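To keep things clear, I will list the structure first and then write my remarks on it.
Note that the coordinates shown come from a computational prediction; the quantities given were computed from them, not determined experimentally. So you know, we letter chains A, B, ... as the sequences are listed, proteins then strands, and number each from 1.
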Amino acid sequence: MLTSLYIDGNSPLHRVPAGWKLTLLFAASIILYLFDDWRLLVLALLSAMAAYLSVGISPREALRRITPALFTIVILCALNAWFTTPQLAFAMFLRLTSIVTFAAAVTASMKMADFMEALTTALKPLERLGLVNAADLGLALGLVLRFVPEVFSDYQAIRQAHQARGLPLRWHTIIGPLMVLTLKNADTVSEAIDARGIRHQASIGREII
Amino acid sequence: MNTKDIVLVALFAAIIVVLGFIPPVTLAFIPAPITAQTLGVMLAGCVLGAKRGALSVVLVVILVAAGLPILAGGRGGFNIIMGPTGGFLLGWIVAAYVTGYIAERMIREDRGGWQQLVGFFVASAIGGIVVLYLIGIPWLSVVAGMPISKAIAGSMAFIPGDVIKAVIASLAARAAYVGYPLLPARS
């Protein structure tokens, strides 16, 4: 249910630090907008594809992951060929496909922990200003992963309760109880967290003041 | 943010993730299938209010960026954020905030059920449709190089489904408000 899209391996792209990969991805996707020459863009697409396949993903899985995005891109570019010019639309198709492919390569070669570390580093300036607390963010993300299976089994219990009573499955009669059932845990969970002193003492003290 | 707020934010993010597993509904008179996940964005604002609602969407976006396939249809990873529809995903954060901001000001405990329903609907429609499209459509137009008028026209196909979602969100939000009120009231 919650398997990461990371592909284990030791390819050159795996060895590039997460922060660099993300910076490279953002830079590349801006730079690609500066060129309209299809030859350059074909080159970009080929290198993105090479990078994507170099992480050790099977071609079939590689394609499966970007198919929904490709589908959108093809539709948009087909419309664009009509609205603008076929040349511009083709350039846009190459550009968007390159970006999406390279982004999928970054995702496949980056461990979740490495991403979190890069994120924590990026948030440091905000943390100094007191706007975010990286420890609280980590705690919250951990809680999400911990509770998704729980919420999912609550969802199935509510569904079965509907079926047992012969009620039609309607979103508004399922989601309301699902939210109440889930959110009612908040007191118990937060008491458990505070009882174990998981959040830093200083941050708890700040709340009291 | 006290510990309970953090827990509520995380629990709601888990709800949004689970809503992505619910099979989408296709209605004959609507061109695009309706997914329950965007409903969760409206509900985050309606149930938790502006700040906590937006933060729970932030958690979902971070997990998508971290490479978890938690969006409806098992999508995830940076390719979603960088793609032509990435503006809608990032726009969720602002959408939840605005929905919550309006709900906090429109919903009162002493009002009748209908008034609360209408309040939740207005909040969901403005935050989850108007604001979301104001971010998603220009992004689509710039990233895909599509004339803005065409991007607007194309997005209209999703409006009927989104209005239905706002109706369902207001029903579910009121059910939650009656069962376990969490929305901070502000004037």
Side-chain angles (χ1 to χ4, degrees), chain A residues 1-6 22 25 29 65-66 68-69 72-73 76-77 79-80 83-84 88 92 96 99-101 103-104 106-108 110 112 115-116 119 136 139-141 143-144 147-148 150-152 155 171-172 175-180 182-187 189-190 193-194 199 204 207, chain B residues 1-15 17-19 21-22 25 36 39-40 43 47-48 55 59-60 62-63 65-70 73 75-85 140 143-147 150 154 167-169 171-176 179-180 182:
Chain A
M1 187 188 292
L2 285 177
T3 340
S4 160
L5 296 168
Y6 172 70
L22 293 172
L25 172 62
S29 34
R65 288 185 181 188
I66 56 172
T72 320
I73 293 172
L76 286 173
C77 291
L79 290 171
N80 261 357
F83 298 145
T84 58
L88 279 178
M92 190 52 89
L96 287 174
I99 295 173
V100 165
T101 307
V106 170
T107 293
M110 186 167 60
M112 220 175 127
F115 171 78
M116 288 311 300
L119 183 69
D136 281 351
L139 171 67
L141 289 171
L143 284 173
V144 182
F147 274 97
V148 165
E150 206 114 325
V151 179
F152 190 68
Y155 161 69
W171 282 0
H172 67 272
I175 296 174
L178 182 65
M179 290 191 296
V180 175
T182 305
L183 298 175
K184 270 193 170 160
N185 292 320
D187 283 309
V189 176
S190 58
I193 290 171
D194 283 341
R199 290 182 77 200
I204 294 172
E207 291 300 329
Chain B
M1 296 278 284
N2 58 33
T3 308
K4 191 181 171 187
D5 288 326
I6 294 177
V7 172
L8 283 172
V9 164
L11 288 176
F12 213 97
I15 294 175
V17 172
V18 169
L19 289 181
F21 300 143
I22 299 183
V25 173
L39 197 66
L43 284 169
V47 174
L48 294 185
L55 285 175
L59 291 183
V60 173
I62 290 178
L63 290 173
L68 288 181
I70 52 174
R75 295 168 308 133
F78 254 94
N79 39 326
I80 302 293
I81 298 174
M82 305 299 286
T85 54
L140 179 72
V143 169
M146 181 173 264
K150 310 292 180 195
V167 172
I168 299 173
L171 290 169
R174 191 173 121 74
Y180 191 62
L182 290 163

side-chain hydrogen bond (donor to acceptor under 3.5 Å, both in side chains) filter on A:Asn80, not counting sequence neighbours, yields none
Assert top hit (heavy-atom pairs under 4.5 Å, partner chain B, pool A:Val151, A:Val180, A:Ile175, A:Leu183) equals A:Leu183
So, the part of B:Ile62 with a heavy atom under 4.5 Å from chain A: the answer is both
Applying a strict 4.5 Å limit to non-hydrogen atoms, the region of A:Thr84 in contact with chain B is side chain
Rounding to 0.5 Å, atoms CE (A:Met116) and CG (B:Leu63) come to a distance of 8.0 Å
* **Side-chain donor/acceptor of A:Thr107 to backbone N/O of B:Gly67, under 3.5 Å** => no
Stepwise side chain to side chain contact (heavy atoms under 4.5 Å, CB included) test for B:Thr3 and A:Arg199
CA-CA 8 Å; B:Thr3 308; A:Arg199 290 182 77 200; 3.0 Å; yes
Interface check, chain B: of A:Leu143, A:Val189, A:Thr182, most non-hydrogen pairs under 4.5 Å belong to A:Thr182
Of B:Val18, B:Ile22, B:Ile15, B:Val17, the one forming a side chain to side chain contact (heavy atoms under 4.5 Å, CB included) with A:Phe152 is B:Val18
Answer key: most heavy-atom pairs under 4.5 Å with chain B among A:Trp171, A:Phe115, A:Tyr155, A:Phe147 is A:Trp171
Okay, A:Met112 and chain B: the region with an atom under 4.5 Å from a heavy atom over there is both
B:Lys4 meets the salt bridge (Lys or Arg N to Asp or Glu O under 4.0 Å) criterion, sequence neighbours left out, with A:Asp187
